Number of protein chains: 2
Amino acid sequence: MTTTHVTLKDIARKAGVSTATASLALSGDRRVKEKTRRAVEEAASLLNYVPNEIGRSLRAKKAETIALIFPNTPRFAFSHPYTVHLLQGISEVLVHNHFHLLVSTAPSEADETAAYEKIVRNRRADGIILWPATVRDRHILRILDSGLPVVYLGKWHDGEVATVERDEFGGAYKATEHLLKQGRRRIAHISTPQHYQVSIDRLAGYKSALEDYGIPFDPSMVIGKDFSMESGADAARQLHAGGFVFDAIFGGNDRLAIGAMRALQQLGLSVPHDVAVAGCTNLEMGTITTPALTTIDQPMAQVGTLAAQKLIHMLNGEPLEQRQTLVSPQLIIRGSCGAQ
Amino acid sequence: MTTTHVTLKDIARKAGVSTATASLALSGDRRVKEKTRRAVEEAASLLNYVPNEIGRSLRAKKAETIALIFPNTPRFAFSHPYTVHLLQGISEVLVHNHFHLLVSTAPSEADETAAYEKIVRNRRADGIILWPATVRDRHILRILDSGLPVVYLGKWHDGEVATVERDEFGGAYKATEHLLKQGRRRIAHISTPQHYQVSIDRLAGYKSALEDYGIPFDPSMVIGKDFSMESGADAARQLHAGGFVFDAIFGGNDRLAIGAMRALQQLGLSVPHDVAVAGCTNLEMGTITTPALTTIDQPMAQVGTLAAQKLIHMLNGEPLEQRQTLVSPQLIIRGSCGAQ
DNA sequence: CTGAAAGCGCTAACAT
DNA sequence: ATGTTAGCGCTTTCAG
């Protein structure tokens, strides 16, 4: 039960040297005599010395810590399907570089600013990986302005800020194109709330694919919902009840797509025969539907890895090969679109 | 672009007082004159002062941070189905108590000790929430011995250590009992690796229910697998091919149960008519199988909440109402067992 | 009511 | 080769 903390002073005394020498010895500085070094090391291991990183941080003005900031409540942050993969990718890099990971969420939607400020300016972290909030969020600017190194996980207009961005536009394009390639021409889209950049991008990707295939965009084929399976089912029923002619649905995420698919089946329609369905986010759930869901996989672990690496480079003062990185999604073809 | 950090000294100078007075003023100490306080506060807000928490921590010998330690690699830690809910529960408490959350994983299975030691003794965190490792993990003892307040998220024999434990035994019991109540008598169990405490507990709960209903335990009805759907399918095929008579399966987790269910259906068996299936862990995926999966829900967000609250109490030197808390799982009845 | 001084644990410039 | 000193930013006696 080692309750009291053993400090450098303790081991210096034990080894019969000054704290300065002890410090140098432990850092392996060659100015200190071999014999002294050994004495110090022995004392350290004997007393089970572990340096107090707070003291070290204060001195060095760095914390060897990076913060992952979600400008959202914990509830939102940790229910997002991407979060775990992101955490995994980030952790893998950090753990190998001996950095700590601080995970920060906001107490409430109202109270964001305070939370940001605190993390950003209190020197608890040397750099920040910032999850994008809703597009209107003005607080982000503060973080970006704070002077701390930041990697932003989304689109940013200003070429100065480092980003790792996934290509949601391209993903949506691929999914829609896949439907088009299966001969579908009346493709509906269930969109997620448009104050998220990803929602905007997915809608745009969908439109762009239609355009490239000469299909005029029909706003009545886009139906806006939130993120749940139930919403997807609603949307499908709504499309059906509205008497719209449609032979495919591109869901703004997998939950929407799965909800829609099941609702269609309950209405007696066949997927993919009557309506092909594609999703986006690659939930494990999509592997067990009948038919299994064609979807878009975003390499979120890779996003995390790249972001962490980029940040560490910045902290080391090393030049970045690219300030802004775009990672490519992958189309996962399963049965729900009729290919395969 | 606030690059240079503004310190207490800066605002003291600006307000024309000493740093001591400035500090007192900002902390709202009533010894300082109203007028001075206002001057200091004004200077602070003018210069956009945010206290350096590293300095404060060094002084106060606490970090206002708690660490969540997974004695596992990031890959393992963040692919566990419970993790996100746990994080959510913990974050919610911490964010309201102005604590930071450090999430710590191990670089590799071999390198655990170093990782633990560092977090535990370097004073980066004031307390620890510890995710259980495999039962043989001896390093845990070090953490528990470190003198830092710890809340352990599992079973611990010693009544001294604070725990928040979910009742996996009870969950397995409930699931098995539910099958028994549906009149099933030949219940197989697909178990997860037995070097995890939860696996042992679930197997024990299963056995105990059988016993209470007067069914002799038959070891050949337990088949050990890992965690995946494919393993569940394997197990089901193996049971089927082995010519065992069985009318129900209790899966050691939902993936195993779902895999098994689907394999059985592919073999032409009906679920629940021929074989009832119950799982355990309540994945969203279980809601969309046909039939939907009966399962056990462990309130992991609540586990997180309780653990964080308990730890904060300990840090505040407040007495704990209970050192060890057991949270109760809930049986979620859906179609796969024939009830409902 | 306010300021001077000390010190948390560490490291680095500067002596010796 | 090692020790002395100073200081990172903060809080808290202790004097005044």
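Each chain gets a letter, A, B and so on, in the order its sequence line appears, and its residues count up from 1. All values derive from a computational prediction rather than experimental measurement.
For B:Thr163, the side chain to side chain donor-acceptor pair (under 3.5 Å) partners are B:Gln324, not counting sequence neighbours. With sequence neighbours left out, the side chain to side chain donor-acceptor pair (under 3.5 Å) criterion links B:Ser18 to B:Thr21. A search for side chain to side chain contact (heavy atoms under 4.5 Å, CB included) contacts involving B:Arg38 returns B:Glu34, not counting sequence neighbours. The side chain to side chain donor-acceptor pair (under 3.5 Å) test applied to A:Asp29 returns A:Arg31, not counting sequence neighbours. In this structure, A:Arg30 has no salt bridge (Lys or Arg N to Asp or Glu O under 4.0 Å) partners at least two apart in sequence or on a different chain. Under the rule for a side chain to side chain donor-acceptor pair (under 3.5 Å), B:Gln88 has no partner lying at least two apart in sequence or in another chain.
The side-chain hydrogen bond (donor to acceptor under 3.5 Å, both in side chains) contacts involving residues 299-311 of chain A comprise A:Lys310-A:Thr325, where partners must be two or more places apart or lie in separate chains.
Overall, the helix from C:dC1-D:dG16 to C:dT16-D:dA1 carries an axis bend of 50° between its ends, with five pairs at each end and the value rounded to 10°.
Using a 4.0 Å heavy-atom distance criterion, A:Thr36 is classed as a sugar-phosphate-only contact.
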When the side chains of residues 55-62 of chain A are checked against the rest of the protein, which donor-acceptor pairs come out under 3.5 Å, sequence neighbours left out?
from, atom 1, to, atom 2, distance (Å)
A:Ser57, OG, A:Glu53, O, 2.8
A:Ser57, OG, A:Lys62, O, 3.0
A:Ser57, OG, B:Arg124, NH2, 2.6

Run the side-chain donor-acceptor check on residues 152-162 of chain A: report pairs under 3.5 Å with partners two or more places apart or on a different chain.
from, atom 1, to, atom 2, distance (Å)
A:Lys155, NZ, A:Glu165, OE2, 3.4
A:Asp158, OD1, A:Glu160, N, 2.7

For each nucleotide in nucleotides 9-16 of chain C, reading 5' to 3', give B when a protein heavy atom comes within less than 4.0 Å of its base, S when such contact involves only the sugar-phosphate, and - otherwise. BBBB----

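Running 5' to 3' along DNA chain D, contacts with non-hydrogen atoms of chain B at under 4.0 Å begin and end at D:dG9 to D:dT12.
Note on ring orientation: taking the six-membered ring where Trp is involved, the planes of B:Trp131 and B:Phe70 are tilted (angle from 30° to 60°).
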